[in-house]
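The first residue in the sequence is number 1, and the count goes up from there. We count ligands from 1, going down the list as the structure has it; atoms in each ligand are counted the same way.
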Amino acid sequence: MGTKRFLSRFFTTASIMLLTASTLGAGPASALTTSDIAVKSQAEMILPERDAMHKLLTNVYDSTSYVNAGNTNYSLNGVSASSIKLLIERFESEGEFANSVAARALKTHMTALELYEKQANADKIVKHMNGFLVLLEQQHSKQLLSGTAYQALKDSTDEMVGQWDTTFSSDRAMTHLHNLSIGIGPRVTGTAEERQGVEYIKNEFEKLGYDVSTQEFKLPDLLTGQLQITSNDNQNVRVAIADGSGYTDENGVTGQLYAAGLGTAEDFTADAKGKIALIQRGDFTFWEKVQNATAAGATGVIIYDNVNSSTPILPGLSNKSSIPVVGITKANGEDLLSQMTTGEVEANLVIHADSTRKSQNVIAVKKPKNIENPEIVYVTSHHDSVAGSPGANDNGSGTSTVLEIARAMQNVPVDKEIRFIAFGAEEIGLVGSTYYVSQLSQDEINRSIVNYNLDMVGTNWAPASQLYVNTVDGKKNLVWDTVSAASKKLNIDDGVLNPYQFSRSDHVPFHDAGIDAALFIWMEPGTARMEPYYHTPQDSIENVSPERIQTIGDIITTAVTDLTSTQAKVTEKAS
Ligand code: BES
Ligand code: ZN
């Protein structure tokens, strides 16, 4: 991965033109060095000059490019103590340090860290990396190393801490939330922005070293409709397309309107043939009205409301119609009838179906070592949002939290399989999660024990101070047992978690498949009211609370770690 990753990073910089044939052919350890490009000799340069030069060459000092440079890399992914040590040595040889004492002090830290890596001692690694960082800051403030060397070593340190720090950090989650809700913005189901969200999530999971896949699925047809009165200056009439309506081609159907009263069979004469039937709502079903119109040879149906409303009536058909069917308001229906009293009225009705839309689930898998057919634990969220809303709490919050839990757990040895999943197309009817569960084999379902589904886990709306743990049947299950144990362990107030019955999210298909599942959401104690920003433009990052993200993150990380970690069990037995 060293060469590939180094080169792919490198290609993103402006310094691409500096790559020579020999650089491309070389292994990672001998990839581009500053000496390849220096105009002035290294020794002649003073530190500020080097910094100016290095500004032109972002990413040159990427310690991950050394990972496989003949040194044992004990970390699963990314940076290791030995790669940082090599980076220090290289900076030293290239004159980035003011003296060798400073470089040696930093290297000594890395020698100790190599040992802790061998032991996979996460606590010690994080502690010593923090010590290393303090020393690095001191050296920097005393100008013992160049700004470039400082920055590169600091970035590597942060990355290495990220690999081993098993505590959930709301800061990191908030960075994801920023990237999703502001960097991308609304991620409406089936749009290019939803797809950008998918790429972001996939890339973040991959950086953590997970086995990542995307699962694509078709979305239901997106219907768009238009009714124009061609005999009246192409007057546009607002329509609601009936569920079960037939489609037209892009030209639609054009014909005279035929006033068919309530749409009984007797209301249609031979004259209705080839016309668009205008029918009043009421007395019997929409489907019966449509059947009568179809039998009479009408080419389309417009149903107008029988009560006043500002929005057009949405007719629900119990079957699929062969001709287009729309609903309009009472006022518009009566207006058309009055136009018909003075002469023939002609209309054009178009119902276009976009059947090409797709969405994706992103799945990151962590498998236990040496365990065949392990039990499976799901930590899930949905990544799509509704139109006109940045989808920060709904559900950038859940997705960012899942990404950060995945980071915290990346090096935790487990005896169960964990699947971190971000579902697409939740907002149009749990489509991604329903598809995902439908594709599981019976064996996978049998091995699946629990689903933690995070949806709207960060509102800052003050009254929503309770974390509801919602199951489909209202009964406590393994989700409840593990999170209530975790919250006790974390000394979280007893009243924070609240068992409740609620569906409306991606835990439903898991429950339906017989898997213990629950939805997490902050709501008001007693009333189960939720934030007023839901599905509005105000669902933005300003209305998300890092503290509440920290609480849910701590609870789920602890619950999942205690349920799956081999180490957690060793400690339990020992105490
Ligand atoms: N996050 C919401 C679900 C939700 C709403 C949970 C209110 C708790 C309180 C979710 O994204 C959503 O809006 N779901 C749809 C349901 C779906 C079946 C279309 C909804 O509730 O309308
Ligand atoms: Zn949601």
Side-chain angles (χ1 to χ4, degrees), residues 176-177 180-181 184-191 193-194 197-198 201 217 219-220 222 243 314 316 357 359 361-362 379-403 421-438 451-461 463-472 474 479 497-512 517-541 543-544 548-549 552:
H176 292 308
L177 185 59
L180 289 166
S181 66
I184 301 174
R187 302 166 303 286
V188 180
T189 319
T191 63
E193 290 74 21
E194 190 200 36
V198 164
I201 297 158
F217 50 91
L219 290 175
L222 180 70
D243 280 334
L314 173 68
R357 297 189 317 149
S359 176
N361 298 325
V362 190
V379 184
T380 63
S381 68
H382 71 86
H383 61 71
D384 63 322
S385 62
V386 297
S389 164
N393 191 35
D394 188 9
N395 186 27
S397 67
T399 301
S400 302
T401 304
V402 170
L403 284 172
I421 312 180
F423 295 115
E426 187 269 356
E427 296 287 6
I428 62 162
L430 321 179
V431 179
S433 53
T434 304
Y435 181 76
Y436 179 80
V437 173
S438 80
N451 166 228
Y452 302 83
N453 182 47
L454 280 53
D455 190 357
M456 306 178 75
V457 292
T459 185
N460 75 353
W461 187 57
S465 60
Q466 208 169 35
L467 189 55
Y468 280 61
V469 184
N470 305 283
T471 55
V472 174
V479 180
L497 291 181
N498 180 38
Y500 202 66
Q501 180 169 18
F502 201 82
S503 298
R504 290 175 64 176
S505 189
D506 294 315
H507 58 310
V508 175
F510 287 90
H511 167 87
D512 290 349
L519 156 71
F520 291 80
I521 172 171
W522 289 100
M523 291 192 285
E524 187 176 49
T527 64
R529 279 199 302 160
M530 53 148 182
E531 57 165 21
Y533 323 118
Y534 171 60
H535 287 187
T536 73
Q538 282 70 50
D539 180 9
S540 58
I541 196 165
N543 287 323
V544 171
R548 286 187 181 152
I549 296 261
I552 173 85

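- A side-chain donor-acceptor contact under 3.5 Å links Trp522 to the backbone of Val457.
- Within Asp394, the N, O or S atom at minimum distance from the Zn ion (ligand 2) carries the name OD1.
- Look at Asn395 and you'll find every heavy atom at least 4.0 Å from all atoms of ligand 1.
- Scanning all protein heavy atoms for the shortest distance to atom 13 (O) of ligand 1 gives Tyr534 OH, 2.6 Å.
- The backbone N or O of Gly396 sits nowhere less than 3.5 Å from a side-chain atom of Thr399 that would complete a donor-acceptor pair.
- Ranking the protein heavy atoms by distance from atom 6 (C) of ligand 1 puts Phe502 CE2, 3.5 Å first.
- The single protein non-hydrogen atom nearest to atom 16 (C) of ligand 1 is Arg504 O, 3.9 Å, given as residue, atom name and distance.
- Listed by number with element, the atoms of ligand 1 under 4.0 Å from a non-hydrogen atom of Met530 are 7 (C), 9 (C).
- In summary, of the residues considered (Ser433, Ser505, Ser381), a side chain to side chain donor-acceptor pair (under 3.5 Å) with Asn453 occurs for Ser505 alone.
- Taking the six-membered ring where tryptophan is involved, the planes of Phe520 and Tyr452 are essentially parallel, since the angle between them stays under 30° and well short of 60°.
- Using a 4.0 Å cut-off to heavy atoms of Met456, the atoms of ligand 1 that qualify are 1 (N), 2 (C).
- Proximity of His535 to ligand 1, defined as any heavy-atom pair under 4.0 Å, is confined to the side chain (atoms from C-beta onward).
- Atom CE in Met523 sits 9.0 Å away from atom CE in Met456 (nearest 0.5 Å).
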Next on the checklist: Test side chain to side chain contact (heavy atoms under 4.5 Å, CB included) on Met530 and Thr459; report intermediate values, then the result.
Outcome noted: CA-CA 9 Å; Met530 53 148 182; Thr459 185; over 6 Å; no
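- The closest approach between any non-hydrogen atom of His382 and ligand 1 is below 4.0 Å.
- Although no hydrogens or angles enter the test, the distance criterion places a donor-acceptor pair under 3.5 Å between the side chain of Asn395 and the main chain of Leu454.
- Near Gly429, the atoms of ligand 1 lying under 4.0 angstrom from a non-hydrogen atom of the residue are 18 (C), 19 (C).
- Remark: the backbone N or O of Thr380 is not paired with any side-chain donor or acceptor of His507 at under 3.5 angstrom.
- Side chain of Ser389 to backbone of Val386: no donor-acceptor contact under 3.5 angstrom is found.
- Taking atom 10 (C) of ligand 1 as the reference point, the nearest protein heavy-atom neighbour is Glu426 OE2, 3.2 Å.
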Item to check | Verdict with reasoning, Asn460 to Tyr533, per side chain to side chain contact (heavy atoms under 4.5 Å, CB included) | outcome: CA-CA 10 Å; Asn460 75 353; Tyr533 323 118; 3.8 Å; yes
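- Of the listed options Leu519, Asp455, Asp506, Val386, Asp455 places a heavy atom closest to atom 1 (N) of ligand 1.
- A heavy-atom separation below 4.0 Å is not found between Ser505 and ligand 1.
- Residue contact check: Ile521 has heavy atoms under 4.0 Å from atoms 6 (C), 8 (C), 9 (C) of ligand 1.
- Residue-level check: among N/O/S atoms of Asp455, OD1 sits closest to the Zn ion (ligand 2).
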